[in-house]
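In what follows, every chain begins at residue 1, and chains take the letters A, B, ... in the order their sequences are listed.
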Amino acid sequence: MAFAPHHDLIEELKWRGLLHDAMPGTQDLLNREMVSGYVGFDPTAESLHIGNLVPVMLLTHLQLAGHRPIALVGGATGMIGDPSGKSAERNLLDEETLQRNVAGVRKQLLKFLNFTDGANRAELVNNYDWFKGISFLQFMRDIGKHITVSYMMAKDSVQNRLETGISFTEFSYQLVQGYDFVHLLKNHGCKLQMGGSDQWGNIVTGTELIRRMGAGEGFALVAPLITKTDGGKFGKSEQGNVWLDPQRTSPYRFYQFWLNVSDEDAKRYIRIFSLLSRPEIESLQQQHDGAPHLRLLQKALAEDVTVRVHCREDLDAAVAASEILFGQGTEDSLRQLSESDLLAVFEGVPQFHISEQELKAGIPIIDLLAEMTTVFPSKAEARKMIQGNGVSINKTKVAAIDLMVNVDHLIAGRYILAQKGKKNYYLLIVG
RNA sequence: GGGGAGAUACUCAAGCGGCCAACGAGGACAGACUGUAAAUCUGUUGGUUUCACCUUCGCAGGUUCGAAUCCUGCUCUCCCCA
């Protein structure tokens, strides 16, 4: 039976801004047969972060086009360390951490693809499974023999490290990753490797190894590095990395991250990170240009990504929280919330506990924010911020520096909402 | 081994005996304007019991009424010659 892709993947990726480069022949291959393609994920942490979402999207689009995605967790490569983009040798992760990371990443990847139905159902593999049976000598003889040192030296990832130093371990990395490709081609019929553009060098070593080992032909496709228009690094918020793990980055913060993207970035990101169709996106963009203050693009983007990474309920809660915190929220509307609603809204917000005794006596605002809690690192800073009109209690600006906070400020009997600037909330709980 | 230069707050970078908690730039945070955007403007960017006091200028001592600034030793970095 002749294979027909659901659509031209390369064209789709191009339009979405997800295509940086592809090896010649890749497009033909994709339009000719059902292709298995893989992406590798390094278990450098227990959770993926939103930067990893880009290669995840490549797999997702691969599957949507009717091809078969393979997600690889680098249990073996993670033991070596990829020198790409690193300016210095890294410490090796201990095995226990590595195990935990592999398990964490694995679990997250399962969410994004269809692993159960259809001929093109996804597959999840761990390269440790095939590397654990290969001895060092075997590797040197069977694999290392095919690639020359000068070939390996020519890679940017290695070149950039010649001055500062690179261990043999990291130098060898590309061979290890390269062999993954050979293995997947032989055992899973996987002809395509995808990844971020920083992986191009490693991927090409793989296709080269395939050719020289006479294993057939490998193809490659990489996505561009995601940037921010203002030059900052993508994927960082004030709180640091934006993780997929709700324990590390709450769904609320996650949602807020996308909602806060600039107009320029939103136009690019919605193509890259959402699964909305081209007509939907184009229509949204048009509406957005007509009424930019409504931020339809950001909302659609945030909604789509939050639902896929977390779930519909988490999105609803995040939207509700955002509504209260940034909408027409006033002290009155806050006071009308029930305790359970309040807790739901502030689930992802940092919380502090304070004693009822002290509150009854009244606590100077400065002490409350800098001493009893760590909203501010020092009293001086708290004082300056209050004087600069940057602090609110229960959505009401603190005007007096010597404000005494007492039981009258409690909401729902035991909460106080402290706010630093416009976007930073803290929930103080009595008891 | 010989000679030279340097180490200042998140980063870069002034200061070279008192006017220095330390110019300036970047970054970060906040305020105003907006749209929880961008740009722009403004403020803050050691601590405290804040009109004053205390701890900071690689580390340890010393000179001096007084040191980031001068002297001695130590540690580290960079450059030149062997």
[N], OP1 or OP2 - any side-chain N/O from [X] closer than 4.0 Å?
| X | N | value |
| --- | --- | --- |
| A:K423 | B:rA37 | yes |
| A:R383 | B:rU49 | yes |
| A:K379 | B:rU49 | yes |
| A:N260 | B:rA38 | no |
| A:S378 | B:rU48 | yes |

Rounded to whole angstrom, note down the [atom1] distance from [N] over to [M].
| N | M | atom1 | result |
| --- | --- | --- | --- |
| B:rU75 | B:rA28 | P | 39 Å |
| B:rG62 | B:rU69 | P | 14 Å |
| B:rA5 | B:rC53 | P | 39 Å |
| B:rU36 | B:rU55 | C1' | 39 Å |
| B:rU72 | B:rC65 | C1' | 22 Å |
| B:rA52 | B:rC20 | P | 15 Å |
| B:rG15 | B:rA30 | C1' | 30 Å |
| B:rC80 | B:rG73 | C1' | 25 Å |

*Could you check which of B:rU44, B:rG35, B:rU36 has an atom nearest any side-chain atom of A:K384?*
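Looking only at heavy atoms from C-beta outward on A:K384, the closest nucleotide is B:rU44.
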[atom1] of [X] versus [atom2] of [N]: gap in Å, rounded?
| X | N | atom1 | atom2 | result |
| --- | --- | --- | --- | --- |
| A:L369 | B:rC29 | CG | C1' | 16 Å |
| A:L325 | B:rU36 | CG | P | 13 Å |
| A:F326 | B:rA37 | CZ | C1' | 13 Å |

_Over-ring placement of A:K420 relative to A:F376, 6.0 Å and 45° cut-offs_ = yes
*Are A:T249 and A:F257 close enough that some pair of their side-chain heavy atoms sits under 4.5 Å apart?*
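They are not in contact (no side-chain heavy atoms under 4.5 Å apart), so the answer is no.
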*Are any non-hydrogen side-chain atoms of A:N260 and A:K423 less than 4.5 angstrom apart?*
yes
Reckon [X] touches a base, only the sugar-phosphate, or nothing at all at heavy-atom distances under 4.0 Å?
| X | answer |
| --- | --- |
| A:K422 | base |
| A:K397 | sugar-phosphate |
| A:N389 | sugar-phosphate |
| A:Q387 | nothing |
| A:E264 | nothing |

*Between A:R308 and A:D304, is there a salt bridge with N-O shorter than 4.0 Å?*
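Between A:R308 and A:D304 there is a salt bridge, with a charged N closer than 4.0 Å to a carboxylate O.
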*Could you walk me through whether A:S283 and A:Q286 pass the side-chain hydrogen bond (donor to acceptor under 3.5 Å, both in side chains) check?*
CA-CA 5 Å; A:S283 147; A:Q286 210 165 9; 5.9 Å; no
*asked:* Quiz question: going by heavy-atom distance under 3.5 Å, is there a donor-acceptor pair between the base of B:rU36 and the side chain of A:Q256?
replied: yes
